[in-house]
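On a predicted model such as this, the values are computed, not experimentally measured, just so you know. Here is the naming used below: chain letters follow the sequence lines, and residue numbers restart at 1 for every chain.
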Amino acid sequence: MALPKWRKGPGIYNESKNLPIYQHKATLQQAVKDNSFLVVTGETGSGKTTQLPQYLHQAGFWSNGKIGITQPRRVAAITVAQRVSQEMHCSLGREVGYQVRFDDCTTQDTVVKYMTDGCLLREILADPVLSQYSVVILDEAHERSLNTDILLGLLKQTLSSPDKASKGRCVPLKVVVMSATLETDKLSVFLGGCPVFTIPGRTFPVTSKFSCAIGPKDTESSVYVKEVVKVALDVHTSEMAGDILVFLTGQSEIEKACDMLYEKAESIDYRYDVQDHKVEGLLILPLYGSMPTDQQKQIFQPPPPGIRKCVVATNIAATSLTINGIKYIVDSGFVKQLNHNSRVGMDILEVVPISKSEALQRAGRAGRTSAGKCFRIYSPAFWEKCMPEYTVPEIQRTSLTAVILTLKCLGVHDVIRFPYLDRPEERFILEALKQLYQCDAIDRRGKVTRLGELMVEFPLPPGLTRALLQAASLGCEDLLLPVAAMLSVENIFIRPEKQKEADKKHRQLGVQAGSCNDFTMLLSVFEKCKASDAPSAWCKDNYIHWRALKSAFSVETQLREILLRLQKKRDFPMEKFDGNKSELFRRCLCTGYFTNVARRYGVLHNGWAWIHEHSIKSPKCILHISPHRSLFDQEAQLDWVIFHDLLVTSRIYIRTVCPIRYDWVKDLLPKLHEVDVYELSSVAREEVTDEEVAKWVTKEAAKRQTDVFKKLEKRNDESSVRDARARYLQRKQERQQGKAS
DNA sequence: GAGCACTGC
């Protein structure tokens, strides 16, 4: 993102005096002095992120410790720190600094520190009372990022028990929570009824219009893609100058929409159609996260005179990136979301309707510089029936294994009664406990084991960490470190127009590795590129995403450093293994991926999935995803695989796949089949009645058919195949008609 | 035929 050039000297000073927050300066300073907790709310443009830390600095808070400000995103932490250091006339890294992963720009002088919420959480692990800080500001709390939610709970818990709070501190910690105007009462109540400060913002009105095109039943991708294209073109031909931002769910949809826009925009006759004579052409730009950086930069350039810009984007444009000059929004009403399914114990990526608050946020992107318009392609009925009020916070829809392990390491034993702003369902917590117990991170009483203590040190999902530590204890960490790194970054395989050629190259890379599965393929790509003299050119030749691979290199280095530190410091477990390398590697993976197991279609009838097309094996193979319990002891040696993740679109796909033997899982994780619900409940909290447990067990049994599995079956049954075929034929026909005319 | 949202440590 291009950084704005800030004027130096008095200019800046005057500018910040004009911000809406300025007139509340003294009151805010006093309020932080008087209260342990404070909620500050204000829309974008109120200046709270840049000014409040400076006010607290001026009020002398720095003399008792640092002023820490958290952001959910790296870019925000860095750019805001840069700006504030200029406003305070100091060089970045001195009085004002920032810290994000791989980039610590702070010194001993740093008293105003911007950082990501994940960084502060890591600091809490080392220093639970945050003795270095006098004030902690949690910014963008309304976004409800997982880390911010955890921090909120931890700070509330620490500050509300006086002996904990004063331990190792001379002056009590102050906590300020900053949020957009949404749900601030709830925050205040959560923090013991603390005062709420409201600061007016500086945004322009945005008018929203519904259309009747998409009703509650139209959830088909091709339908809404077509509709957003139509609406975007309508806007282009009938509205005054100003750029357009279209929201869709993913790369393929965006590319389809862009193709359609190109095709249709060409045929517009600008002599008659366009009201505002300044607009004579349409510049169509796709925008999604995995796009090359230089292409992304193009988005921020102002369009040539007389040309209207139309950006077709994923949700990345909702919060992460701000594009200037946007005056019109076209909102598809859908988003791709990663949800956790606690019954199957897996995460599932799926397309869902956005929430009403998210729709408002999307609309708000049109009102940054002047009044704007938002065109919703869905009907009021869709709004009412399909869209929830608020987006379910991340903590209620993701796997909690990492969170629970972190909390346990911080000494929070009772993870069910931990003060969550929004409590995750109990079965999510129980399931996380179960998985942690099964992979030996906690013991029967819910206490963190040695292995668990080692695991929490790694910035990886617990399963992957478990596999890595297994490898380290067997002396083969060199096999797992690159794989863990590769799975932590965005997809490294590029599939451009020349898909077949790319696939062929990718497959060659994998096959040369000897034993071939998707995990060894990752290893092979990593090693081959590392060994290459010109890695960036090598990537281009092989259709590999160089930016992603480069970050995999630095992640690998970081993981290796952590591992070395742990191996030196503590009595690190060591084991022996006699067998071939391929088996060793796959056994290690089993210890982490025991939740993600599938086998070739057999007798049991629960859920089916396809191996994703990108897999090196690439058989169009139907698999059966299985929760272990029912399959234990049954044909255990049949074609089993473990997989990294699960994708639900028109079908269920498993991605990054590796064949295994089921008895490895059985050997490596003897606890896999021994846990029962009662034990877990007692692990989770001290007292639990038998009645409650019984209730839970019955509920569990009733839920045997999960939502996913129901969806699966529906999608796999004959009628839906027929429907899909009919839709395909219809599309084909339309395409032909389109060409003919 | 269909085929990888976005963050973060």
Contacts of A:Arg144 that satisfy side-chain hydrogen bond (donor to acceptor under 3.5 Å, both in side chains) - sequence neighbours left out: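 Partners of A:Arg144 under the side-chain hydrogen bond (donor to acceptor under 3.5 Å, both in side chains) test: A:Asp149, A:Asp422.
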What is the distance, rounded to the nearest whole Å, between atom [atom1] of [X] and atom [atom2] of [N]?
X        : N     : atom1 : atom2 : result
A:Glu143 : B:dC6 : CD    : P     : 15 Å
A:Leu146 : B:dA5 : CG    : P     : 21 Å
A:Leu151 : B:dG8 : CG    : P     : 15 Å
A:Lys256 : B:dG1 : NZ    : P     : 13 Å
A:Ile150 : B:dC9 : CD1   : P     : 16 Å
A:Leu487 : B:dG8 : CG    : P     : 18 Å
A:Asp645 : B:dC6 : CG    : P     : 14 Å
A:Asp149 : B:dG8 : CG    : P     : 17 Å

Considering just the side-chain nitrogens and oxygens of [X], establish if one lies under 4.0 Å of OP1 or OP2 belonging to [N].
X        : N     : value
A:Thr116 : B:dC9 : yes
A:Arg74  : B:dC9 : yes
A:Ser145 : B:dT7 : no

Could you check A:Ser252 against A:Pro459 and say which one's nearest nucleotide on DNA chain B is further toward the 5' end?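 The residue whose closest nucleotide sits nearer the 5' end is A:Ser252.
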How would you label the contact of [X] with the nucleic acid (heavy atoms, under 4.0 Å): base, sugar-phosphate, or nothing?
X        : answer
A:Arg101 : base
A:Gln251 : sugar-phosphate
A:Ile316 : sugar-phosphate
A:Asn315 : nothing

Please state whether the rings of A:Phe553 and A:Trp546 are parallel, tilted or perpendicular, taking 30° and 60° as the class boundaries.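 Rings of A:Phe553 and A:Trp546: perpendicular, over 60°.
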Would you say the side-chain atoms of A:Asp103 and A:Tyr98 include a donor-acceptor pair closer than 3.5 Å?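 Checked: A:Asp103/A:Tyr98 side chains pair up, N/O donor to acceptor below 3.5 Å.
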Please pick, from B:dC9, B:dT7, B:dA5, the nucleotide with the shortest atom-to-atom distance to any side-chain atom of A:Thr314.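 Closest of the options to the side chain of A:Thr314: B:dA5.
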NZ or CZ of A:Lys66 within 45° of A:Tyr133 ring axis and under 6.0 Å: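 Flagged: A:Lys66 positioned over aromatic ring of A:Tyr133.
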Could you tell me whether the side chain of A:His506 and the main chain of A:Asn542 form a donor-acceptor pair under 3.5 Å?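 Checked: pair present.
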